[in-house]
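Proteins come first, then strands; the chains are lettered A, B, ... in the order of their sequence lines, and each starts at number 1.
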4 protein chains.
Amino acid sequence: MSPKVTQQYKIEIREKIIKAAIDAFSKYGFDRTRMDDVANTADLSKGTIYLHFKSKEDLFYAICENNLAEAKQQISTMFAKKEDLVSDIERFYDFFRKKKTANERIFFETIAESARNAELRKTLYKQRMNIFETAVGWVNLQIERGFFRKNIDANAIAVGLVSLYDGLTVNKLLGVSEDYSKKAWVETIRAIIIGIS
Amino acid sequence: MSPKVTQQYKIEIREKIIKAAIDAFSKYGFDRTRMDDVANTADLSKGTIYLHFKSKEDLFYAICENNLAEAKQQISTMFAKKEDLVSDIERFYDFFRKKKTANERIFFETIAESARNAELRKTLYKQRMNIFETAVGWVNLQIERGFFRKNIDANAIAVGLVSLYDGLTVNKLLGVSEDYSKKAWVETIRAIIIGIS
Amino acid sequence: MSPKVTQQYKIEIREKIIKAAIDAFSKYGFDRTRMDDVANTADLSKGTIYLHFKSKEDLFYAICENNLAEAKQQISTMFAKKEDLVSDIERFYDFFRKKKTANERIFFETIAESARNAELRKTLYKQRMNIFETAVGWVNLQIERGFFRKNIDANAIAVGLVSLYDGLTVNKLLGVSEDYSKKAWVETIRAIIIGIS
Amino acid sequence: MSPKVTQQYKIEIREKIIKAAIDAFSKYGFDRTRMDDVANTADLSKGTIYLHFKSKEDLFYAICENNLAEAKQQISTMFAKKEDLVSDIERFYDFFRKKKTANERIFFETIAESARNAELRKTLYKQRMNIFETAVGWVNLQIERGFFRKNIDANAIAVGLVSLYDGLTVNKLLGVSEDYSKKAWVETIRAIIIGIS
DNA sequence: GATGAATGAGGATTCATTCAT
DNA sequence: GATGAATGAATCCTCATTCAT
């Protein structure tokens, strides 16, 4: 077998495990998920997981990174250029709605965990800055296009938008109705846009 | 001994334990905190804790409720009437800054846990609605006073404000600089206010 | 207060505790009965129990001795002289039936415990010999009266009768119907009597 | 590995654990035996025991059932057909003598426990009826062969014999001398046989 | 490479006993 | 004497990790 094939195979197994771990961690939380749960979900043996991840914690980090990568991807998609600002807001919300709840649960667990884990916090911080940059880029784009005023604090507004998004995720997880969240998102963004146009 | 004294004493011990548990849970997270940690922090024996709380989970619930009660208190304070809207924004932020980080860590852990625990989710949901109401009241007050337009969606804006607040908490926990958060809060709120005035 | 009154009082409390302990031990077994159970049943505080008994084990011994004393009393009653042998058999059975099940449960627990506890075993052994003697006395009485043959082994028959009695207690505890036991007792004794007349 | 081997292996381990548990429970009693004791006796780790038995209680049930199965086997052997009745009595006694004391201790603990445990009581009751049936069969056989009279109550006599046997076990456990028990058994049975011939 | 049986450290919970009031 | 709050030793059970097959 060529190394390429082997390499490919390894990556496949790795992703299979990560997928299973996300599933399991979302359902039970990190500490209450047993490696057996992950193994069963992945349809693999516990031993095999240890061939790919040094420890449960190692697996958790891999998930965090995976989650972050995905989040970044999502945010990028979210802030993809588009001319019509109003349809943007709607798109934002629809995007928000479609996101799997699974990852959101892990998101909060990750946040909580980061409070105790400097390494993880560093990774998350870096990623967050990344997200901010993307958002700032979007705001600046709107400024260039004349949709937003030139003298606004692009950074601050960008952080505000991302934070609003995060805050609505809290509501979503707590079971606050879609209606509430959608209106909050649309109306608040609308107000902001008016405020900075 | 009069029952009153005994009752008072019991409550004191209870609060001592809750305080210790918040400390410990914040530091290590619920699952990784040993009852020994809580006991040592409270300067009590493990056995005594079990005289006041049926189980570790029971203690966690008590903390959640305690946290919620405190959060409600804080939110209420935050939305206390004040004439000058601009100073309000600043006050909001200062208030935000002063909040102990300990509780915030638990806040996220609670959110994550609620994803798996219907009972907890119900409690959190109820509390959240309560917070929303308070915020709505504040928004309506501003409308009455003529600071906000009459035709805005008070509900949506209130939810948006609370969410923005929650989202900034995420940043705070991840170590995002105060400067970033303060500016984001002030500028975003300013934009919103302009947008709805 | 005169020492006599105090003494009397002490004994009363002691018996109250023993009664409660028998109740509790019968229900849950020695190991699974908490001193709290005994205290509650006796309507006393745990502390008070320790004023009368050095330890839980000490209390158990007291119960065993109490039980033995009672058993001896019962057996004595059972073997009280009576002319009519046939009515004796019936009386035996009725006696058997009336005995509280509570004590029987403790009886077996005591037996099991004695297997591991030399001190207890010694006490039980002594008591057993005592019971045998009483039974032998009864058998000898029947011989004297001409109901039983002179050349039988009074000892052996006495032990046999007591054992039959014990064995039927096993059935009783397991829920074997009264009918079964009564017939077994009456018919087996009848056979024995015929065999040794 | 073929399933057959695995299955066989599993059964072996299971029996090893049961054997160790009987040993340990006999020595210390159910409640005072630590799972560590069982594990050490079985020369296995605690964890391994939990791979085969869900809980300590589960293990206890397994022992009870094992004990019952063995008891049934023994009783069956005991009542195996034999022509010479007198030699039968001796054989009964010799059989009685050979039985390991370990199981007898557990027998009483099981009885005591059954007083509080309906499930266990049901199992024991069923088994007891089984034993009775075997005994009844033996008695009927003697009737057929002309050793016993036709008009006796086979059921009652069978229950009486089994009860006598059980009762003698009490004596054995309490340390009553072999001599006493042997004579009691032989003479009482002899009397019964005479009484029903 | 894959497996899953075996391990044993770790932690929640219980409860006999003590002792200040 | 009586109480019951406080203690902490004791023990069941779980589960991450290892390693022989």
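- Ring pair C/Phe30/C/Phe60 is tilted by interplanar angle, where 30° to 60° counts as tilted.
- Contact annotation: A/Ser45 side-chain N/O to E/dA2 OP1/OP2 distance is not under 4.0 Å.
- C/Met35 has its CE atom 19 Å from the P atom of E/dT14, to the nearest Å.
- A straight line from OH of C/Tyr50 to P of F/dA5 spans 16 Å, rounded to a whole angstrom.
- For the helix from E/dA2-F/dT21 to E/dT21-F/dA2, the angle separating the two terminal helix axes comes to 0°, with each axis derived from five pairs and the value rounded to 10°.
- Note on C/Tyr9: a side-chain N or O is less than 4.0 Å away from OP1 or OP2 of F/dA2.
- Counting non-hydrogen atoms of neighbouring residues, nucleotides and ligands closer than 6.0 angstrom, the NZ atom of A/Lys19 reaches no more than 12 such neighbours.
- C/Arg105 is listed as a side-chain neighbour of C/Leu173, based on a closest heavy-atom distance under 4.5 Å.
- Taking for each of C/Phe30 and B/Lys56 the nucleotide of DNA chain E with the nearest heavy atom, the 5'-most of the two is the partner of B/Lys56.
- When all heavy atoms are compared, the tightest approach of B/Phe25 to B/Glu109 is O-OE2, 4.3 Å.
- The nearest heavy atom of DNA chain F to A/Lys54 and to B/Leu51 marks one nucleotide each, and the one closer to the 5' end goes with B/Leu51.
- Summarising the geometry, the separation between CD1 on A/Ile49 and C1' on F/dC19 is reported as 17 Å, rounded to the nearest angstrom.
- Here the P atom of nucleotide E/dA6 and the CZ atom of D/Phe53 are 13 Å apart, to the nearest Å.
- The CG-C1' distance, from C/Asn40 to E/dA16, rounds to 15 Å in whole Å.
- Looking at C/Lys46, its side chain has no donor and acceptor atom pair within 3.5 Å of the base of F/dT3.
- Between C/Arg32 atom CZ and E/dA16 atom P the separation is 13 Å, expressed in whole Å.
- Rounded to an integer number of Å, the gap from B/His52 NE2 to F/dA6 C1' is 9 Å.
- When the nearest nucleotides of DNA chain F are assigned to D/Thr33 and A/Ser55 by heavy-atom distance, the more 5′-ward of the two goes with D/Thr33.
- Side-chain contact annotation: D/Tyr61 with D/Asn117, donor-acceptor N/O pair under 3.5 Å present.
- Side chain of D/Arg34, nearest nucleotide from E/dT14, E/dT7, F/dC12: F/dC12.
- Using a cutoff of 4.0 Å between basic side-chain nitrogens and carboxylate oxygens, A/Glu113 and B/Arg32 are scored as salt-bridged.
- Dashed line: the shortest gap from a side-chain N or O of B/Tyr28 to OP1 or OP2 of E/dG11 is not under 4.0 Å.
- A/Asp43 places its CG atom 13 Å from the C1' atom of E/dT3, with the value rounded to the nearest Å.
- C/Thr48 has a side-chain polar atom (N or O) that falls below the 4.0 Å cut-off from OP1 or OP2 of F/dT3.
- One distance of note links OG of C/Ser114 with CG of D/Leu174; it measures 5.0 Å at 0.5 Å rounding.
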